[in-house]
Protein chains: 2
Amino acid sequence: MEVIRRNTEYAIRALVHLAANREAVASAWEIAGSQDVPVEFLQKILQKFVKRGIVDSHRGAQGGFSLAKEPGEVTLLEVVETMQGKLAMNRCFLGRDGCPRSPNCPLKQNWLRMEEQIASHMAGITLQDLVDQVRESSRFEVRGERQ
Amino acid sequence: MEVIRRNTEYAIRALVHLAANREAVASAWEIAGSQDVPVEFLQKILQKFVKRGIVDSHRGAQGGFSLAKEPGEVTLLEVVETMQGKLAMNRCFLGRDGCPRSPNCPLKQNWLRMEEQIASHMAGITLQDLVDQVRESSRFEVRGERQ
DNA sequence: CTATTTAAGACTATTATAGTCCTGTATTAG
DNA sequence: CTAATACAGGACTATAATAGTCTTAAATAG
């Protein structure tokens, strides 16, 4: 099973790109190219972040997208939830109006605790952290490759 | 997003049923009825646990299924993994043979840590725990309902 | 022998995700 | 003012994953 969806992964990569080139305005086309994402799809994705106020958009020639906040202030949790909503271990399905077993469901509390664990873990990671880590590791790579 | 799938939920309920009526052999039909699960579908599900040695099956008249292990020895993790495989936050998709960004992927370690957290949480819960919790909470209910 | 019940695989239906396309509107360079 | 650029948004299609059904075979209790 897979928790993080494709478009969420795309979103993260795009935002890391924006965070790395802070100040600059990058077009969807440019981002898509550098991050291996279908352009039209990426546009859709970025729109969600614009609505959430995480990304600014600039129409017209020389337009594009830029981060609306400091990279240190955008958490992975926000990004993931923007794309796929609140992560749930299990919203109980049976029963039209909520799970009929709900009162004595032995798992509810456990699922909730796991959800909280993941959420708080994600809330502790910011775009800035990701940018830093990428820089760190690519420094090694470049050194290695230079002869 | 939803981590636990429908059939996994069915599986858990079925196993809790078997754990609660330890020793007894219950037919798929009986379990399905008491747990609101489509019978044929449940059969498919139980087969997986038979193969894993978690459930014993008994063919023929008066046959059915029974737990092959002590309820305290079957963990939620085993159950979930039997149904949906190892839980992954994100197996990176791009690239035929693994993610090309892998070397400097800023998230890999984070995803792994989260996966471990969830897995160890689930490994700490057994069918016995679930049965106990159900008994606990239904005691209240019965009391409440008896006028 | 016959009812019952699991085993197993093929098949279908439904839903979720991924991806495309088209039309419109704002912006800006010239 | 105009043409080119680039986002906005909705409709549409494709693909894949999940859920669920059906059919035939094999085992076993009585």
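Chain naming here is simple, since letters A, B, ... match the order of the sequence lines and numbering starts at 1 in each.
- Rounded to whole Å, atom P of C/dT4 lies 15 Å from atom CD of B/E30.
- Remark: D/dT28 base-pairs with no nucleotide; criterion is Watson-Crick or G-U wobble with both hydrogen-bond distances under 3.5 Å.
- If you measure from atom CD of A/E9 to atom C1' of C/dA18, you get 14 Å, rounded to the nearest angstrom.
- Salt-bridge check for A/K86 with A/E115: failed, with every basic side-chain N at 4.0 Å or more from each acidic carboxylate O.
- Distances from the side chain of B/P38 to the nucleotides C/dG19, D/dA8, D/dT21 place D/dT21 closest.
- Whole-Å rounding puts the A/Q47 CD to C/dG24 P distance at 17 Å.
- Comparing atom distances between the A/S57 side chain and each of C/dT17, C/dT6, D/dC7 picks out D/dC7 as nearest.
- Rounded to whole Å, atom C1' of D/dA19 lies 9 Å from atom CD1 of B/I45.
- Residues A/E70 and A/R22 are paired through a salt bridge, judged by an N-O separation under 4.0 Å between the basic side chain and the carboxylate.
- Residue contacts shown for B/K48 are absent, as no nucleic acid heavy atom lies under 4.0 Å away.
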(request) Dump the intermediate steps for side chain to side chain contact (heavy atoms under 4.5 Å, CB included) on B/T126 and B/V74, then the final yes or no. (result) CA-CA 5 Å; B/T126 70; B/V74 182; 6.0 Å; no

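- Applying the salt bridge (Lys or Arg N to Asp or Glu O under 4.0 Å) rule to pairs touching residues 118-134 of chain A yields nothing, sequence neighbours excluded.
- Atom CZ of A/F41 is separated from atom P of D/dG9 by 17 Å (rounded to the nearest Å).
- One atom, CH2 of B/W29, and another, P of C/dT6, lie 11 Å apart when rounded to the nearest Å.
- Here A/Q43 pairs with A/A28 under the side-chain contact (heavy atoms from CB on, under 4.5 Å) rule; sequence neighbours left out.
- Closest contact between the side chain of B/Y10 and the listed nucleotides C/dA7, C/dA18, D/dG20 involves D/dG20.
- The stretch residues 78-88 of chain A has no heavy atom under 4.0 Å from DNA chain D, so no residue of it qualifies as close.
- Judged by distance alone, the side chain of A/Q47 and the main-chain N or O of A/K44 form no donor-acceptor pair under 3.5 Å.
- Using a cut-off of 4.0 Å between Lys/Arg side-chain N and Asp/Glu carboxylate O, A/R52 and A/E81 are scored as not salt-bridged.
- The ring-ring contact (aromatic ring centres under 6.0 Å, His included) contacts involving residues 38-68 of chain A comprise A/Y10-A/F41, where partners must be two or more places apart or lie in separate chains.
- Between B/R6 atom CZ and D/dA17 atom C1' there is a gap of 13 Å when expressed in whole angstrom units.
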(request) Scan nucleotides 22-30 of chain D nucleotide by nucleotide, 5' to 3', and note B when protein non-hydrogen atoms come under 4.0 Å of the base, S if they reach only the sugar-phosphate, - if neither. (result) B---BBBS-

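- Under the side-chain contact (heavy atoms from CB on, under 4.5 Å) criterion, B/A26 pairs with B/H17, B/L18, B/E30, B/I31, sequence neighbours left out.
- C/dT15: Watson-Crick or G-U partner is D/dA16, with both key distances under 3.5 Å.
- Atom CG of A/N7 is separated from atom P of D/dA16 by 16 Å (rounded to the nearest Å).
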